[in-house]
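Supplied in structure tokens, the structure appears directly below.
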Amino acid sequence: MPRITRRDRSDAPSSPAATPGISRRAVLGLAGAGAATAGLGVAGGFAAARAGADAAGPAGPARSYAFAGEHQAGIVTPAQDRLHFASWDLTTTSREEVVALLRRWTAAAARMTQGLPAGEFGPDSGPYDAPPDDTGEAANLDASGLTLTFGFGRSLFVGADGADRFGLAGRLPAALADLPHFPGDVLEPGRTGGDLAVQACADDPQVAVHAIRNLSRLAFGTASVRWSQLGYGRTSSTSTAQRTPRNLFGFKDGTANLKLEEPELVDDHVWVAADDDADEGTDSRWMAGGSYLVSRRIRMTIETWDRSSLREQEAIVGRTKGDGAPLSGGTEFTEPDLAATGRGDVPLIATDSHVRLAHPTSNAGARMLRRGYNYTDGSDGLGRLDAGLFFLAYVRDPRTQYTPMQTVLARDDAMSEYLRHTGSGLWAVPPGVASGATMGTADGAYIGQGLFT
Amino acid sequence: MPAPRTRAVVAATALLATLVACTPNDTSTPDGTSGAATLTVDSSADACVLSGDTAPSGNVVFEVTNSGDEVTEFYLLAEDGLQILSEVENIGPGITRDLVLVARPGSYQTACKPGMVGEGIRADFTVTDSGAQVGPTGAVADQLEVATTNYVAYVKDQTEQLLTATEAFAASYTAGDDDAARAAYAPTRVHWERIEPVAESFGDLDPRMDLREADVEAGAEWTGWHLLEKDLWAPVAADNGGAEYVPLTPEQRSTYAAQLVADTQELYDRVHSDEFTLTADQIGNGAKSLLDEVATGKVTGEEEAWSHTDLWDFQANVDGAKVGYAGLRDVVAAKDADLAATLDERFEQVQALLDAQRVGDGFALYTDLTEDEIKALAASVDALGEPLSRLTSAVVL
């Protein structure tokens with residue numbers, strides 16, 4: 001994404017007047033498909049310029065991000081504030097129908113991420129006796145930084161019985177192996193797995209929910225929603241320009257996250273290379289430029305956490321609650337000194353603290369690009385908040401980056417006493433649709449095309 | 001520092017209790033605000049700069065910032081410069097940490113100790129009489145000592161009963177007398193649940209003895225109470241992830257039962273070692289964490305997933321918390337009568353709800369409770385847990 005951003009930026013028009021001007025309504029006049037596509041081209045190039053600018057300064061509500069590019073948007077894109085994540089089960093047995101769905105989704109996503117309606121007519125025009133091709137609740141709202149990021153679950157390739165559902169079993173990436181059972185997992189089937197997933201991030205929750213709703217509508221008959229999750233208050237920063245947010249424990253989260261300003265690290269730890277699976281006997285070159293997404297719904301036992309002393313809370317996290325400085329000293333961005341000891345040679349950063357166990361040096365240098373969100377789904381039947389962290393992390397190989405770390409955390413992290421993993425997903429996120437490609441036509445480009453060709 | 005670490009803490013706690021007492025609910029200020037005096041302390045490599053050298057008696061906050069590049073500590077000492085009244089340790093470079101205490105009128109010394117070595121950088125400090133009531137003097141230290149001694153004796157007694165009962169349970173189970181084993185299961189575990197935080201403090205024993213199936217790591221062996229529980233209350237396939245439950249063989253039974261007895265013996269030995277001591281703050285935190293155990297696992301029915309005897313554990317956790325609190329109650333009552341009154345009342349409320357579920361010598365099964373009953377129990381646990389979380393600071397501050 002950073003490289004694409006820079007390249008597109010130099011090609012982009014420089015007039016600032018065009019930036020916020022593309023509202024859903026304004027483009028409705030262009031209704032014809034060709035015109036809309038032309039409009040997209042401009043918006044796309046421009047959006048990339050905005051993305052570059054936004055990383056360095058405060059984000060305006062009108063920003064939009066290019067949909068096309070080497071990588072899908074929504075990964076290194078500066079984390080927006082709101083999330084609607086959804087997973088679908090395919091109800092069809094036809095490979096052609098799956099491809100057709102991905103084409104429909106690609107076209108609609110390309111439009112919606114630019115602040116356009118899901119369909120070419122929009123919510124209040126088109127045939128009078130037909131339902132509108134956009135549901136309408138986002139009319140007059142701008143793109144709000146919407147990104148839509150698509151992923152494929154293992155079950156798309158092979159069924160639970162090992163069946164080759166769509167002739168894709170031979171292209172199943174070795175890295176898309178089922179996650180093991182971790183201590184503390186109480187996974188609910190209704191919050192776990194699925195064939196397809198979409199991560200919708202935006203600065204306006206109405207825009208994110210609108211996007212999933214319209215994609216879901218386009219899927220009826222081919223796929224049905226398995227589960228979805230709303231999130232707010234991004235809990236990690238993916239750009240150095242962003243202030244580190246706080247999780248529902250009240251602590252800063254994501255201080256040591258990978259950032260888009262670190263393209264070499266992102267290349268090493270996030271993007272899949274063409275030959276990553278070369279020795280595994282599978283043909284997954286289609287994943288080059290893609291990434292793997294781990295999604296975990298982590299419920300926090302908020303009430304008991306709130307009853308724990310400040311001493312215990314800080315010892316568990318390994319950082320101060322106020323500034324987020326590691327307990328070994330310094331400020332938020334000071335590297336934790338895991339060797340520092342205090343009185344009685346006891347480590348200042350406890351051996352079972354979250355910071356120590358999650359630190360790359362405790363995990364063979366493994367890093368992840370996290371972009372999780374807080375969630376609150378009201379309260380449970382006992383009057384306690386059903387709330388926590390919807391953890392999202394992009395990695396190049398979950399087997400070496402996520403699984404070992406989570407194994408250690410689940411077993412040894414003092415924080416795990418206050419956590420319960422209730423949902424889980426692992427997704428192969430394919431590369432983006434090439435910039436300049438035609439989308440939305442019978443032979444146009446679509447997300448995941450490399451898998452099906 | 002003249003004394004080694006452990007003795008220093010005990011001394012600090014004891015002296016603190018006699019010389020500096022705590023009344024968190026102090027309403028002596030005219031406007032009803034907390035009225036804490038806040039002083040800043042800048043602890044650098046070679047200086048210890050306080051924003052003032054006096055404070056009125058009552059709540060005093062020292063906001064200690066470490067501007068040096070070594071770990072530092074800050075002390076409030078008695079006038080003689082020997083007795084430690086309160087301290088904050090392990091302040092990393094650049095970090096600010098509060099030392100909160102309730103000070104009586106008198107002369108004191110302050111000390112910063114960059115690098116945590118030597119006498120520290122000292123200065124005189126005076127607490128003037130503000131007229132604020134700062135709690136009783138006298139016998140508090142003795143009370144705390146009695147409380148800790150009694151609690152250690154309680155823990156030892158429970159491990160003795162646990163060991164005896166576990167041996168009997170294991171014998172029935174190994175012999176294939178499932179009815180007797182099922183009958184003994186919950187009453188035996190009561191002794192474990194009453195001292196759960198102590199058992200958990202031995203990090204290796206708790207996972208071996210009390211791990212639930214959901215907490216077993218992939219590839220790791222599941223052992224302990226809940227493995228036997230599942231075998232005694234074998235689930236149907238639908239409750240077992242769709243798979244037919246395979247009972248343990250007689251050989252497996254005797255292996256796992258023997259290990260449980262051996263682990264219990266290990267717990268007994270550790271608790272009866274001369275090394276085993278507890279401090280007042282550990283008892284206070286233990287009482288709180290017992291209620292957390294209830295809130296997290298028992299009132300949700302997760303602890304006893306197969307036998308559904310969660311209310312036995314619930315009662316035992318409450319028992320353990322209540323014993324811990326009872327030992328500290330005189331101290332709490334003297335320092336914060338309102339907190340003591342609240343805790344007395346809330347313990348009674350929880351107990352009344354539990355008593356309503358008594359069946360014979362035990363309790364109703366979790367699965368027989370109505371949603372309203374579970375919710376009432378949960379609310380009573382939260383109502384007790386919240387003030388109980390203030391017990392430690394009330395006693396130790």
Side-chain angles (χ1 to χ4, degrees), chain A residues 178-187 189 301 303-312 314-315 319-320 322-323 325-332 334 336-337 340-352 380-384 403 406-408 410-412 414 416-418 420-421, chain B residues 1 4-6 8 66 68-73 87 89-98 113 116 200 203 207 211-220 281 284-285 288-289 291-297 299-300 302 371 374-379 381-382 385-390 392-393:
Chain A
D178 282 329
L179 297 175
H181 171 87
F182 299 107
D185 277 5
V186 280
L187 302 182
T301 52
E303 287 76 9
T304 49
W305 173 265
D306 290 344
R307 282 175 214 145
S308 58
S309 65
L310 183 58
R311 177 195 301 276
E312 183 183 355
E314 289 196 346
R319 293 181 179 276
T320 64
D323 298 331
L327 294 184
S328 53
T331 59
E332 183 192 340
T334 306
D337 180 357
T341 55
R343 188 104 67 90
D345 286 332
V346 173
L348 291 177
I349 297 177
T351 51
D352 61 355
D380 66 14
L382 299 182
R384 287 144 186 203
T403 298
Q406 179 55 25
T407 300
V408 169
R411 188 180 57 212
D412 298 331
S416 61
E417 186 181 335
Y418 297 93
R420 217 170 289 177
H421 289 236
Chain B
M1 264 250 309
R5 175 72 194 130
T6 45
N66 180 1
D69 53 10
E70 287 185 290
V71 179
T72 194
E73 298 173 327
E87 60 176 324
E89 61 179 9
N90 290 341
I91 310 172
I95 288 178
T96 299
R97 188 164 287 158
D98 289 351
K113 204 181 281 187
M116 301 185 299
E200 284 181 355
L211 203 62
R212 285 170 294 177
E213 190 171 21
D215 293 330
V216 181
E217 194 180 335
D281 61 311
N285 283 329
K288 174 207 137 331
S289 66
L291 259 289
D292 285 352
E293 292 283 344
V294 176
T296 306
V299 84
T300 55
E302 288 168 46
E371 271 183 41
I374 292 170
K375 183 155 190 190
L377 284 165
V381 168
D382 287 335
E386 199 63 36
L388 201 59
S389 69
R390 291 190 274 126
T392 304
S393 65

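Residue numbers start from 1 in every chain, and the chains themselves are labelled A, B, ... in the order their sequence lines are given, proteins ahead of strands.
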Which bit of Pro189(A) is near chain B, if near means a heavy-atom gap under 4.5 Å: side chain, backbone, both or neither?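 It is neither, since no heavy atom gets under 4.5 Å.
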
Any donor and acceptor pair, going by atom type alone, linking the side chain of His181(A) with main-chain N or O of Gly219(B) inside 3.5 Å? no

Indicate the atoms forming the closest heavy-atom contact of Pro326(A) with Ile95(B), along with that distance.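 Closest heavy-atom pair between Pro326(A) and Ile95(B): O-CD1, 3.1 Å.
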
Can you check whether Arg343(A) reaches Glu87(B) side chain to side chain, under 4.5 Å on heavy atoms?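 In contact.
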
Could you tell me whether the side chain of Arg420(A) reaches within less than 4.5 Å of the side chain of Thr296(B), counting heavy atoms only?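 Thr296(B) reaches Arg420(A) side chain to side chain.
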
Atom CE of Met116(B) and atom CG of Asp345(A): how far apart are they, to the nearest 0.5 Å?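 So the gap between those two atoms works out to 7.5 Å.
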
Please rank Ser416(A), Ser308(A), Gly383(A), Gly330(A) by heavy-atom pairs under 4.5 Å with chain B and give me the top one. Gly330(A)

Hey, which of Asp382(B), Leu388(B), Leu291(B), Ile374(B) has the most heavy atom pairs under 4.5 Å with chain A? Asp382(B)

Please classify the contact of Ser328(A) with chain B as side chain, backbone, both or neither, using a heavy-atom distance under 4.5 Å.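 For Ser328(A), backbone heavy atoms alone lie under 4.5 Å from chain B.
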
What heavy-atom pair brings Lys288(B) and Arg307(A) nearest, and what distance separates the two atoms? CE-O, 3.2 Å

So which of Ala410(A), Ala340(A), Ser309(A), Gly381(A) has the biggest tally of heavy-atom pairs under 4.5 Å with chain B?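 Option with the top pair count is Gly381(A).
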
Separation of Ser393(B) OG from Arg311(A) CZ (nearest 0.5 Å): 11.0 Å

Quick check against the 3.5 Å criterion: does Arg384(A) have a side-chain atom that pairs as donor or acceptor with the backbone of Ala295(B)? yes

Please determine, among Ile91(B), Val71(B), Val216(B), Val299(B), the option with the most heavy-atom pairs under 4.5 Å with chain A. Val216(B)

Taking atom CG of Asp69(B) as the centre, does the number of heavy atoms from other residues, nucleotides or ligands within less than 6.0 Å exceed 12?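 Open.
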
Grab the two heavy atoms, one from Glu217(B) and one from Thr407(A), that are nearest each other, plus how far apart they are.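 It is OE2-CG2, 3.2 Å.
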
Interface moiety of Arg212(B) toward chain A, non-hydrogen atoms closer than 4.5 Å: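 Looking at Arg212(B), nothing touches chain A.
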
What part of Glu302(B) gets within 4.5 angstrom of chain A, counting heavy atoms only: side chain, backbone, both, or neither?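 For Glu302(B), the side chain is the part near chain A, not the backbone.
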
Greatest number of heavy atom pairs closer than 4.5 Å to chain B - which of Asp323(A), Leu348(A), Thr301(A):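 The answer is Leu348(A).
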
Identify the heavy atoms of Asp215(B) and Pro183(A) that sit nearest to each other, and give their distance. O-CB, 3.1 Å

Against chain A, label Glu386(B) side chain, backbone, both or neither, depending on which of its atoms sit under 4.5 Å from a heavy atom there. both

Full working for side-chain contact (heavy atoms from CB on, under 4.5 Å) between Asn90(B) and Leu327(A): CA-CA 8 Å; Asn90(B) 290 341; Leu327(A) 294 184; over 6 Å; no

Rounded at 0.5 Å granularity, tell me how far CD in Glu417(A) sits from OG in Ser289(B). 7.5 Å

